[in-house]
Protein chains: 2
Amino acid sequence: MSSNYGNQMTTISDVAREAKVSTATVSRVLNKSDKVRSITRDRVNAVIRKLNFIPNVNALGLQRKKTKTVGLIFPDASAYYFAEIIQGINRHLSQNDHQILISSAHDEAEEIKIVNGFVKGGRIDGLIMMMPSANGNNGFKIPLAYEIPEVFISCEINAPRATTILLDNYNAAREMVEHLSRLGHKRIAFIHGGEHNYDARERYRGYVDGRRICQADEDVNLEVVGNFTESSGFQATLELMKCKPQPTAIFAANDAMAIGAIEAARALKLRVPSDLAIVGFDDISSAAYMDPALTTVHVPLRRLGRLAAEALLKNLNTDSAERTTEKIIIPLQHVIRRSCGSEQTVKSESF
Amino acid sequence: MSSNYGNQMTTISDVAREAKVSTATVSRVLNKSDKVRSITRDRVNAVIRKLNFIPNVNALGLQRKKTKTVGLIFPDASAYYFAEIIQGINRHLSQNDHQILISSAHDEAEEIKIVNGFVKGGRIDGLIMMMPSANGNNGFKIPLAYEIPEVFISCEINAPRATTILLDNYNAAREMVEHLSRLGHKRIAFIHGGEHNYDARERYRGYVDGRRICQADEDVNLEVVGNFTESSGFQATLELMKCKPQPTAIFAANDAMAIGAIEAARALKLRVPSDLAIVGFDDISSAAYMDPALTTVHVPLRRLGRLAAEALLKNLNTDSAERTTEKIIIPLQHVIRRSCGSEQTVKSESF
DNA sequence: CTGAAAGCGCTTACAG
DNA sequence: CTGAAAGCGCTTACAG
């Protein structure tokens, strides 16, 4: 195996030699230290530019214990959330001279292994974890033992001095039920996204409370568990429509399942929304283009990513003793389209 | 700012002290060198395990010029492709003890800046780039000057000793036109994905040749340029249906635009497929759940990601002088559903 | 088979 | 304001 960087590598010594100063001075210029005469500084900067010098990150990491790198850990599933959030994170981080090391895990054991490697290997300065399957009060002690700043997305781990960013799933779901109730629905069914997912559980909680508040036949069981995929929404809907009496509205915990639900309604020769109202959650890009256009809850994923990046960056620049424990909850907006049968807002949809 | 790794950091010296050997010996054990007595090896390994020692990546990077990290650069757009491909790459790379550093760029200047920082900063051992907007023979010299292995996805840059992975867009598109022609369509329109996108251009080329081969009224202009979004597909379809005579089929260069096209057909009170056949490209997860279910071309994104990872890993372990120039073309399969009006296959779709 | 020592590319007290 | 030197955590000839 050959040396990798080959002849491309310019070092601080090359710069020092060319500028006729010591490496210490070059270093001071690089680090904007004020203890450099401006004439010297200019000369060094000229050489840096001329040689297109970029400091070796490994040397920096070794010496300063800073790598300008943030670790990102995501669950294996959720490709859609994943992509959007990363874009939001990356935009902010790259503007602030930080890079992203990503990995995905499908269970906590794998998760912990990755975090361990990242942190003990000296690869990262901070960590952003999206782990909706993490279960609050048990396990999951490992990453919290490290002293690097951490941001958790969509999981309620009570991590001291860490930042947790959550969607306000509960209120959005509750209000969605209230909206359906206002449209006259009494039997509002729910397709659950899965017991092991934080967002899904919170949406469910909002659904239950919404039904109670609206006194919407809450004693009738109208719940089926899906797994956030179109096909599970399809199957769940077939199940639900076997109930007697049948539900008049279905609230799917995400848009993919709502899409499956609409397809199932079609297979059952039910018209949406007149025979059956169907609503989702997420507001994916095709939601506006379905037939009928999908009523849903908009989830601002890029913004979520940006908030995570901002929170992490802030803590990266704060002494660990000064760091506070923060919880950021992102309020969510409904997007009322045709699939819920809401008259007054149909007109607001136009292309 | 406090030191980051705090007391978590175990070094090779800690291990050496505890095992009563020199750091050189520990290093030899870590690197599976055979020049260590097995008794010594066992003792050292026991300490390594006991202290949960993980070598510092920065020190390794400095010393060996290897970081066990692969850089991934993606265009800002294409969130969907992005997520799926990364999952494929990550799965393979993490199994082989490599990490992923990602970044996205929206033009070549930014691209080059990122690559520069990655390579000259000593951050990566190899590079995977997805740059459908890269334009073959011009510009884009920079990354190729480096000696690290490179894999290009969806762009035809004639990079010596690099691997290029392409989808067989051309043949899949041509065959799609032939399929529509076989169903009796003469006026087959095309919604282009954008001149600056390699996949889009290739799909267009397939469309043009398909029409010629089928002698499908090829002299009539039935093309509109979109940008791979639902809304552009919607607008493009409104445009196309102003043509006299109207097209009887629309081939959208991706599924998102096909979704917009179906919605537009609906707005125009046209039934799909009987009044207007519509087909897409990508086979996104909701394609099977639309109404009508979308005929499209399946693109195996995870596999694409895995192939990229495999190719890179292979070259990472090959001396640069031995590396060959490779081009891998992934054949694509059609998925015939209802939206094209193909009778014989409707029955094969079931839930 | 094992250890002492130099060195990878930086930063940072320390001395001047 | 500037430089010589030590040190961050590893690896690898070199000597034994």
Side-chain angles (χ1 to χ4, degrees), chain A residues 1 3-45 48 51 53-68 117 119-123 125, chain B residues 1-45 47-48 51 53-68 117 119-123 125:
Chain A
M1 264 187 264
S3 162
N4 253 349
Y5 319 133
N7 43 19
Q8 308 302 323
M9 206 70 160
T10 305
T11 72
I12 198 171
S13 307
D14 299 331
V15 176
R17 195 179 320 111
E18 181 96 4
K20 304 196 190 311
V21 293
S22 70
T23 60
T25 298
V26 178
S27 176
R28 288 189 190 101
V29 171
L30 288 170
N31 297 297
K32 323 261 183 233
S33 157
D34 48 349
K35 301 179 208 155
V36 182
R37 234 186 341 163
S38 69
I39 300 183
T40 314
R41 174 189 312 280
D42 292 346
R43 185 152 39 95
V44 171
N45 272 326
I48 287 173
L51 300 184
F53 170 66
I54 293 178
N56 183 293
V57 178
N58 300 303
L60 288 174
L62 235 198
Q63 176 61 248
R64 296 206 287 212
K65 315 288 184 219
K66 294 278 176 190
T67 59
K68 297 274 187 187
V119 176
K120 306 202 81 174
R123 282 182 176 277
D125 297 340
Chain B
M1 266 187 263
S2 66
S3 162
N4 254 351
Y5 321 132
N7 43 20
Q8 308 302 322
M9 205 70 162
T10 306
T11 71
I12 198 172
S13 308
D14 298 331
V15 176
R17 195 180 318 112
E18 181 97 3
K20 303 197 193 308
V21 294
S22 71
T23 59
T25 298
V26 178
S27 177
R28 290 190 190 101
V29 171
L30 288 170
N31 297 298
K32 322 261 184 238
S33 158
D34 48 348
K35 303 178 207 155
V36 182
R37 229 179 353 156
S38 70
I39 301 184
T40 315
R41 175 190 309 282
D42 292 347
R43 186 152 40 92
V44 171
N45 273 326
V47 175
I48 287 173
L51 299 183
F53 170 66
I54 293 177
N56 182 294
V57 178
N58 299 304
L60 289 175
L62 235 200
Q63 176 58 246
R64 295 206 287 211
K65 314 287 182 223
K66 293 278 176 189
T67 59
K68 297 273 186 189
V119 177
K120 305 203 82 175
R123 281 184 177 276
D125 297 341

Respond yes when some side-chain nitrogen or oxygen of K65(B) is under 4.0 Å from OP1 or OP2 of dT11(D), and no when none is.
-> no
Every protein N/O lying under 3.5 Å from an N/O of nucleotides 13-16 of chain C:
{"residue": "dA13(C)", "atom": "N6", "partner": "R28(A)", "partner atom": "NH2", "Å": "3.1"}

Integer-rounded Å distance: dT2(C) P and R37(B) CZ = 5 Å
Whole angstrom value for the distance that separates P of dG9(D) from CG of L60(A) = 15 Å
What stem regions, each of at least 3 consecutive Watson-Crick or G-U pairs below 3.5 Å, can be found for DNA chain D?
-> C:1-3 with D:14-16, C:5-12 with D:5-12, C:14-16 with D:1-3
Where along residues 12-23 of chain B does a heavy atom come under 4.0 Å from DNA chain C, residue by residue in number order?
-> V21(B), S22(B)
Looking only at heavy atoms, what is the nearest atom pair of D125(B) and T67(B), with distance?
-> OD1-N, 2.7 Å
dT12(C) versus dG16(C) - spacing of their C1' atoms, nearest Å | 16 Å
Could you tell me the separation between the CZ atom of R123(A) and the P atom of dG9(D), rounded to a whole number of Å?
-> 17 Å
Taking only residues two or more places apart in sequence, or in another chain, which ones meet S27(A) in a side-chain hydrogen bond (donor to acceptor under 3.5 Å, both in side chains)?
-> N31(A)
dG9(C) P sits how many Å from L51(A) CG, rounded?
-> 14 Å
Verify the contact: side-chain N or O of T11(A) to OP1 or OP2 of dG9(C), cut-off strictly under 4.0 Å; return yes or no.
-> no
Result for 5'-nearest mapping on DNA chain D, choosing between S38(A) and N31(B), is S38(A)
Where T10(B) and L51(B) come nearest, the two heavy atoms and their spacing | OG1-O, 3.7 Å
With a 4.5 Å limit on heavy-atom distance, are the side chains of L30(B) and I12(B) in contact?
-> yes
From the list dT11(D), dC10(D), dT2(C), which nucleotide is the closest neighbour of the side chain of N56(B)?
-> dC10(D)
By nearest-nucleotide position on DNA chain D, the 5'-leaning member of T25(B) and L62(A) is L62(A)
Which nucleotide in dC10(D), dT12(D), dT12(C) has an atom nearest any side-chain atom of R64(B) | dT12(D)
Applying the side-chain contact (heavy atoms from CB on, under 4.5 Å) test to V29(B), which of T40(B), V47(B), V36(B) qualifies?
-> V36(B)
Check the distance between dC1(D)'s C1' and D42(A)'s CG and give it to me in whole angstrom.
-> 15 Å
Restricting to pairs with a member in residues 36-45 of chain A, which pass salt bridge (Lys or Arg N to Asp or Glu O under 4.0 Å), not counting sequence neighbours?
-> none
For atom NZ of K68(B) and atom P of dC10(D), their distance in whole Å = 15 Å
K65(B) side chain to L62(B) main-chain N or O, any donor-acceptor pair under 3.5 Å?
-> yes
Sequence neighbours excluded, which residues qualify as side-chain contact (heavy atoms from CB on, under 4.5 Å) partners of L60(B)?
-> P55(B), R64(B)
Looking only at dG9(D), dT11(D), dC10(C), the nucleotide nearest the P55(A) side chain is dC10(C)
Measure from CZ on R43(A) to P on dC1(D) and round the result to the nearest Å.
-> 14 Å
In whole angstroms, the gap separating C1' of dT11(C) from CG of N58(A) amounts to 15 Å
Flag side-chain contact, heavy atom, 4.5 Å: T11(B) against N56(B) | no
Would you indicate, yes or no, if dT2(C) has its OP1 or OP2 atom less than 4.0 angstrom from a side-chain nitrogen or oxygen of T40(B)?
-> yes
